[in-house]
Amino acid sequence: MAKITSDLERKLEYVGLEAVAEHLDKIMRSSEGSTLTSIQLLRELVDQYYLDYRNKQFEDNLRLSRLRQQEALMENLKTGNGRVYQDALVGQLSTLEFVEDGHNITVAGESYSGKTYFLRAFCIEACKANIRTLFVDYTDLMDDLIVRKQKSMRSYRQRLRFYANVQFLLIDDFLISKYDDQALDGLYSLIKERRVLNKATMVSTQFGPDEWANVISSDFTTYAKADGIRTRIIEDGFIVEIQRAN
């Protein structure tokens, strides 16, 4: 420790700011340490603490998001490399203002067009922005609700509230599997409650919204629920189409 700041460094370490104490010691041992004004020194230390705090915050958010593959980058969501994006719209959405405003996003495209990568990139960006985020696969989400409902209504309702209250929910491969009318109760309730709470949902799907009523279930009696789900997701929201370049 630098002798002149040793007591301060010990206090920083005591309150759990070891990285800041280490940075202070490094500054005071450098040739620039004695030339810094008090404001400059304070800024150096606060900046270090801020960076450390944001990095830890990001790591915690990413862990809680349950995103397994974490290599996606927002900068890659632009036309090129065999894919065509709506670049202006993607740029607008990259600010994440739609999350604060509670708007939903539907990401549509054929298989291997990059829909999942798109969702991963937005999940990571939201975690950086300290937004409570959850990334789930559609079948995992549905199966979770179905199993909990079969075991305990209390557990089922608690799980519904959990999914409903997440600030930003990303559902990959939306409607990839068909479910019966009873199973769709959970999805309908979830989407309805998220709209009431003004929470943003982003889904990726191979199907355009006009096809959802036909692919959501094999039971024709589910049309009303399917239309309710479709309406609540696309109303006052955005549809992003990703195309594979010829």
Side-chain angles (χ1 to χ4, degrees), residues 62 65-96 98-99 102-129 131-145 163-164 166-179 183-184 186-188 190-191 194-195 199-217 226 229-245:
L62 200 55
S65 76
R66 302 182 187 174
L67 179 66
R68 296 192 203 112
Q69 293 176 286
Q70 303 171 1
E71 81 296 345
L73 299 172
M74 291 288 289
E75 62 196 56
N76 291 334
L77 303 183
K78 59 184 178 181
T79 299
N81 297 319
R83 293 186 176 89
V84 179
Y85 291 90
Q86 296 165 278
D87 292 324
L89 177 57
V90 174
Q92 176 186 346
L93 297 178
S94 67
T95 65
L96 299 179
F98 72 90
V99 178
H103 295 311
N104 295 326
I105 311 295
T106 299
V107 183
E110 60 186 71
S111 297
Y112 301 104
S113 60
K115 302 183 300 297
T116 298
Y117 187 95
F118 190 100
L119 263 65
R120 288 175 185 155
F122 269 85
C123 180
I124 292 171
E125 199 67 16
C127 289
K128 290 179 182 177
I131 294 171
R132 186 187 176 206
T133 305
L134 182 65
F135 187 102
V136 295
D137 182 82
Y138 178 65
T139 55
D140 290 342
L141 169 68
M142 294 296 289
D143 292 347
D144 183 23
L145 293 176
Y163 285 125
V166 172
Q167 189 174 2
F168 185 28
L169 179 65
L170 301 99
I171 308 175
D172 194 27
D173 281 332
F174 190 62
L175 307 183
I176 195 66
S177 299
K178 292 185 178 183
Y179 291 88
L184 289 176
L187 180 63
Y188 176 79
L190 172 61
I191 299 302
R194 289 188 62 78
R195 288 304 297 149
K199 304 292 186 180
T201 304
M202 178 181 284
V203 303
S204 71
T205 179
Q206 298 179 32
F207 309 102
D210 57 334
E211 303 175 271
W212 290 6
N214 296 322
V215 301
I216 199 168
S217 173
I229 292 167
R230 180 191 65 82
T231 301
R232 285 174 172 82
I233 289 180
I234 67 171
E235 67 179 359
D236 196 28
F238 301 88
I239 298 177
V240 179
E241 295 182 359
I242 306 176
Q243 298 178 349
R244 294 166 64 183

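Any value given below was found using the heavy atoms of this structure, including those in side chains, with hydrogens, waters and symmetry copies removed. Sequential numbering from 1 along the given sequence is applied to the chain's residues. Keep in mind it's a predicted model, so treat the numbers as computed, not measured.
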For this session: Using the six-membered ring wherever Trp is involved, compare the ring planes of Phe168 and Phe98 and label them parallel, tilted or perpendicular (cut-offs 30° and 60°).
Result: perpendicular
Exercise. Going by heavy atoms in the side chains, are Leu187 and Tyr179 under 4.5 Å from each other?
Worked result: no
Exercise. Salt bridge (charged side-chain N to carboxylate O under 4.0 Å, His left out) with Arg232: which residues, sequence neighbours excluded?
Worked result: none
For this session: Tell me, please, which residues at least two apart from Glu235 pass salt bridge (charged side-chain N to carboxylate O under 4.0 Å, His left out).
Result: Arg195
Exercise. Nearest heavy-atom pair of Val84 and Ala245: which atoms, and what distance?
Worked result: CG2-CB, 4.2 Å
Exercise. Does the side chain of Ile233 reach to within under 4.5 Å of the side chain of Thr201, using non-hydrogen atoms?
Worked result: no
Exercise. Is there any salt bridge (charged side-chain N to carboxylate O under 4.0 Å, His left out) pair reaching into residues 67-77, and which pairs are they, with sequence neighbours excluded?
Worked result: Glu71-Arg120
Problem set entry | Step-by-step side-chain contact (heavy atoms from CB on, under 4.5 Å) determination, Thr106 to Phe238 | CA-CA 6 Å; Thr106 299; Phe238 301 88; over 6 Å; no
Seminar exercise, completed: Checking Val203, Ile171, Val107, Ile105 against Leu119 for side-chain contact (heavy atoms from CB on, under 4.5 Å), the one that qualifies is Val107
Problem set entry | Listed once per pair and sorted, the salt bridge (charged side-chain N to carboxylate O under 4.0 Å, His left out) pairs that draw on residues 134-145, sequence neighbours left out | Asp144-Arg148, Asp144-Arg159
Seminar exercise, completed: Taken in chain and number order and not counting sequence neighbours, the residues that satisfy side chain to side chain contact (heavy atoms under 4.5 Å, CB included) with Ile176 are Tyr138, Thr139, Asp173, Gln206
Seminar exercise, completed: Heavy-atom nearest pair, Ser65 first then Cys127, reads CB-SG, 3.9 Å
For this session: Check side-chain hydrogen bond (donor to acceptor under 3.5 Å, both in side chains) between Asp210 and all other residues, then give those that pass, not counting sequence neighbours.
Result: none
Exercise. Could you state the interatomic distance from SG (Cys123) to CZ (Phe135), rounded to the nearest 0.5 Å?
Worked result: 6.5 Å
Problem set entry | Set of residues satisfying side-chain hydrogen bond (donor to acceptor under 3.5 Å, both in side chains) with respect to Ser204, sequence neighbours excluded | Asp172
For this session: State, to 0.1 Å, how close Ala226 and Ile216 come at their nearest heavy-atom pair, and which atoms those are.
Result: CB-CG2, 3.4 Å
Problem set entry | salt bridge (charged side-chain N to carboxylate O under 4.0 Å, His left out): pairs with one or both residues in residues 109-119, sequence neighbours excluded | Glu110-Arg244
Exercise. Just by modelled atom types, is the Ile131 backbone N or O under 3.5 Å from a matching donor or acceptor in the Thr133 side chain?
Worked result: yes
For this session: List for me each residue that meets side chain to side chain contact (heavy atoms under 4.5 Å, CB included) alongside Gln70, sequence neighbours excluded, and say none if there are none.
Result: Leu62, Leu67, Ile124
Problem set entry | Any donor-acceptor N/O pair, Glu241 side chain to Gln86 backbone, under 3.5 Å | no
For this session: Please check if the side chain of Tyr117 supplies one atom and the backbone of Leu73 the other of a donor-acceptor pair under 3.5 Å.
Result: yes
Problem set entry | Residue pairs passing the salt bridge (charged side-chain N to carboxylate O under 4.0 Å, His left out) test where at least one lies in residues 76-92, sequence neighbours excluded | none
Exercise. Quick one: side chain to side chain contact (heavy atoms under 4.5 Å, CB included) partners of Asn81, sequence neighbours excluded?
Worked result: none
Exercise. When you measure from the side chain of His103 to the backbone N and O of Asp236, does any donor-acceptor pair fall under 3.5 Å?
Worked result: yes
For this session: To the nearest 0.5 angstrom, please state how far the CG atom of Leu170 sits from the CZ atom of Arg66.
Result: 13.0 Å
Problem set entry | From CA spacing to verdict: side-chain contact (heavy atoms from CB on, under 4.5 Å), Ile234, Asn104 | CA-CA 7 Å; Ile234 67 171; Asn104 295 326; over 6 Å; no
For this session: Check whether any side-chain heavy atom of Arg194 sits under 4.5 Å from a side-chain heavy atom of Val166, and report yes or no.
Result: yes
Problem set entry | Side chain proximity check, Leu175 to Trp212, heavy atoms < 4.5 angstrom | yes
Problem set entry | Side-chain heavy atoms of Lys199 within contact of Leu169, under 4.5 Å | no
Problem set entry | Leu96 and Glu125: CA distance, side-chain angles, deciding distance, side-chain contact (heavy atoms from CB on, under 4.5 Å) verdict | CA-CA 8 Å; Leu96 299 179; Glu125 199 67 16; 4.1 Å; yes
Problem set entry | Thr79 (side chain) donor-acceptor with Tyr85 (main chain) under 3.5 angstrom | yes
For this session: List the steps and the verdict of side-chain contact (heavy atoms from CB on, under 4.5 Å) for Leu93 and Phe122.
Result: CA-CA 9 Å; Leu93 297 178; Phe122 269 85; 3.9 Å; yes
For this session: Report the residues that fulfil side chain to side chain contact (heavy atoms under 4.5 Å, CB included) with Thr95, sequence neighbours left out, ordered by chain and then residue number.
Result: Glu97
Exercise. Are the side chain of Thr205 and the backbone of Phe174 linked by a donor-acceptor contact shorter than 3.5 Å?
Worked result: yes
